[in-house]
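Here is the structure we will look at.
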Amino acid sequence: MRDRREKLDRLRAAGIDPYSRGFLPTHSTEAAKALLGDAERTDSVSIAGRLMVKRLQGGVVFADLQDGHARMQLMANRNILGEEEFARFADLDTGDIAGVTGPVFRTRRGEITVEVHKFQLLTKSLRPLPEKWHGLKDVEIRYRQRYVDLIANPQVRAVFRARTKIITALRGLLDERGFIDVETPVLQEIPGGGHARPFQTHHNSLDRDLFLRIALELHLKRLLVGGFERVYEIGRVFRNEGLSPRHNPEFTLLESYQAYAGYEDVMQLVEDLVVVSAMAAGRPLETSYQGESVNLAPPFRREKMADLVLEHTGRHATGEELNDLFEEHVQPRLRHPTFVIDYPVEVSPLARPREDDPRFVERFELIILGREYANAFTELTDPIDQRARFESQAAKRAAGNVEAHPMDEDFLRAVEYGLPPCGGLGIGIDRLVMLLTDQPSIRDVILFPLMKAES
RNA sequence: GCCGGCGUAGCUCAGCUUGGUUAGAGCAGCGGUCUUUUAAACCGAUGGUCCAGGGUUCGAAUCCCUGCGCCGGCACCA
């Protein structure tokens with residue numbers, strides 16, 4: 001780094017701005033390569049990006065320039081640039097951002113290359129790049145300094161591009177079906193809609209404690225009360241829990257609510273969402289995750305939780321015990337996509353009871369490879385029942401269960417105005433992206449995962 | 001929070017089991033040769049708080065303890 005500071009000073013002394021501007025690329029590296037086609041050479045193009053590798057060869061310098069999509073080779077020739085400019089090009093460092101102009105041609109080895117006729121240093125890099133062959137492997141640096149990871153590891157860029165494509169595809173399908181994309185508060189007085197410990201904060205001028213949301217549910221349902229019949233939000237939620245390869249304290253949730261639908265309809269929606277997101281990620285439905293094969297082609301198997309627990313444990317159970325037995329003995333064994341349906345009412349304070357057996361609710365989770373990807377139910381619309389459920393949760397809370405659902409009087413007031421019958425859905429986007437990009441850790445699909453303080 | 005593994009040059013890694021000259025290699029950077037290379041090649045010089053602190057020892061990168069960070073598992077949890 002000291003060498004580069006000195007180089008920077010030399011450049012400035014020579015009247016060259018190492019942080020210049022005004023260079024306008026005419027092509028991306030991809031477009032410039034495509035431009036050549038079968039021709040011998042093209043007219044002049046201008047491309048810009050970061051120099052990744054430099055190969056000095058006497059009177060010729062080869063370098064690879066990386067832009068947002070790809071890399072392209074540059075060739076600078078002393079005979080073309082002249083002694084002085086050639087020396088200045090050869091003096092560029094890997095990591096520098098430069099713009100170059102010249103025709104595209106093919107080298108003797110067949111590499112499509114820009115012949116540098118003019119170039120401009122746009123940004124001098126003061127820090128050396130990671131190893132050109134092995135890339136950056138140290139996971140701590142990869143997460144803490146994601147920018148370096150993105151420069152050095154093209155697979156990482158591909159994962160995050162896939163993430164964006166998946167989210168775009170999810171929005172596309174929902175938009176197409178008439179769902180409107182809304183934004184609801186992150187700062188909430190009562191963090192509801194899920195079971196988790198919230199982050200607490202404080203608004204100074206209102207002198208009021210607030211929580212970061214743990215779910216989107218209760219505000220989206222208020223919008224159905226208001227008359228929007230199909231809404232969704234893809235938003236960050238925050239849960240004050242431990243970290244793991246599958247848990248980051250802030251993560252992205254998709255929730256959608258659809259009036260006049262039941263959980264059967266939502267199952268179909270989930271199947272469609274999985275299919276479009278796999279396509280967007282460029283994954284076949286017959287695929288694998290971390291070496292284990294999995295078939296994502298719908299229709300997904302549908303099984304009642306009580307039946308599964310009976311099958312795997314031989315036990316008839318209900319209530320929280322049923323849910324506990326399911327999570328311990330059944331869920332890890334469900335490898336191919338399975339809709340587990342009809343949860344006990346005790347663990348589902350916002351879901352509609354089954355008419356034929358009110359000990360269970362019309363709820364499902366989608367389990368793939370032992371992990372939960374979606375949670376949905378036919379929503380509870382009866383305000384009297386909803387109040388009773390909240391009261392039962394409040395009792396658990398009073399007994400010390402910090403994750404029991406808090407009472408929310410404003411939500412109850414909304415439901416008292418009349419919530420249309422509806423089906424709701426939540427999908428953990430990060431886990432879906434992990435599955436579809438075959439990444440082992442949630443930190444590999446979140447650009448800047450939470451880390452302890454750097455010492 | 002508990003248990004285990006790991007932490008050596010800017011990066012990728014040896015060395016640690018069994019303590020012993022001045023801690024090594026490749027890449028990057030620096031100087032040089034080289035006009036079609038692509039992990040370019042070759043020659044030369046440089047580069048280290050061996051995570052931090054303490055201990056054992058004549059002597060610690062190496063053994064022990066504590067702390068910090070990262071990873072994994074468990075707990076907790078979408």
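Remember, predicted model here, so these are calculated numbers, not experimental data. Computed from heavy atoms alone, side chains included, the values below leave out hydrogens, waters and symmetry copies. All chains are named by letter (A, B, ...) in the order of the sequence lines, taking the proteins before the strands, and each is independently numbered beginning at 1.
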G-U wobble or Watson-Crick pairing nucleotide for [N] (cut-off 3.5 Å, both distances):
| N | answer |
| --- | --- |
| B/A9 | none |
| B/U17 | none |
| B/U57 | none |
| B/G1 | B/C74 |

With a non-hydrogen cut-off below 4.0 angstrom, is [X] in contact with a base, only sugar-phosphate, or nothing?
| X | answer |
| --- | --- |
| A/Gly194 | nothing |
| A/Asp64 | nothing |
| A/Leu253 | nothing |
| A/Arg197 | nothing |
| A/Arg142 | nothing |

(request) Output yes when A/Arg163 and A/Asp430 qualify as a salt bridge under the 4.0 Å nitrogen-oxygen rule, no when they do not. (result) yes
Is any N or O donor-acceptor pair between the side chain of [X] and the base of [N] shorter than 3.5 Å?
| X | N | result |
| --- | --- | --- |
| A/Asn77 | B/U35 | yes |
| A/Arg108 | B/U36 | no |
| A/Glu111 | B/U36 | no |

(message) Pick the closest RNA chain B nucleotide for A/Gly110 and for A/Phe251 by heavy atoms, then say which residue is nearer the 5' end.
(response)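 The residue mapped nearer the 5' terminus is A/Gly110.
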(request) Identify, between A/Glu140 and A/Gln73, the residue whose nearest nucleotide on RNA chain B lies closer to the 5' end. (result)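 The residue mapped nearer the 5' terminus is A/Gln73.
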Candidates [options] - which lies nearest the side chain of [X]:
| X | options | value |
| --- | --- | --- |
| A/Lys137 | B/A28, B/G73, B/U12 | B/U12 |
| A/Arg109 | B/U35, B/U12, B/U37 | B/U37 |
| A/Met75 | B/C76, B/U36, B/U12 | B/U36 |
| A/Arg144 | B/G69, B/U35, B/U12 | B/G69 |
| A/Val139 | B/U36, B/C77, B/C71 | B/C71 |
| A/Leu56 | B/C34, B/U12, B/G69 | B/C34 |
| A/Thr107 | B/U36, B/C30, B/C11 | B/U36 |
| A/Lys132 | B/U35, B/C70, B/A39 | B/A39 |
| A/Asn79 | B/G10, B/U35, B/C70 | B/U35 |
| A/Asp93 | B/C71, B/A40, B/C30 | B/C30 |

Less than 4.5 Å apart, side chain to side chain, heavy atoms only: is that true for [X] and [Y]?
| X | Y | value |
| --- | --- | --- |
| A/Arg12 | A/Lys124 | no |
| A/Leu380 | A/Leu350 | no |
| A/Arg50 | A/Ile97 | yes |

Distance, rounded to the nearest Å, where [X] contributes [atom1] and [N] contributes [atom2]:
| X | N | atom1 | atom2 | result |
| --- | --- | --- | --- | --- |
| A/Lys54 | B/C30 | NZ | P | 6 Å |
| A/Trp133 | B/C27 | CH2 | C1' | 12 Å |
| A/Asp96 | B/G29 | CG | P | 10 Å |

Euclidean distance for [atom1], [N] against [M] (whole angstrom):
| N | M | atom1 | result |
| --- | --- | --- | --- |
| B/U46 | B/G24 | P | 12 Å |
| B/G55 | B/G19 | C1' | 15 Å |
| B/A61 | B/U17 | C1' | 14 Å |

(request) Can you see which heavy atom on A/His405 is nearest to which on A/Gln393, and at what distance? (result)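 Answer, listing the atom of A/His405 first, then A/Gln393: N-OE1, 2.9 Å.
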(message) Which label fits A/Tyr263 and A/Phe364: parallel for a plane angle under 30°, tilted from 30 to 60°, or perpendicular past 60°?
(response)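 It falls in the tilted class, 30° to 60°.
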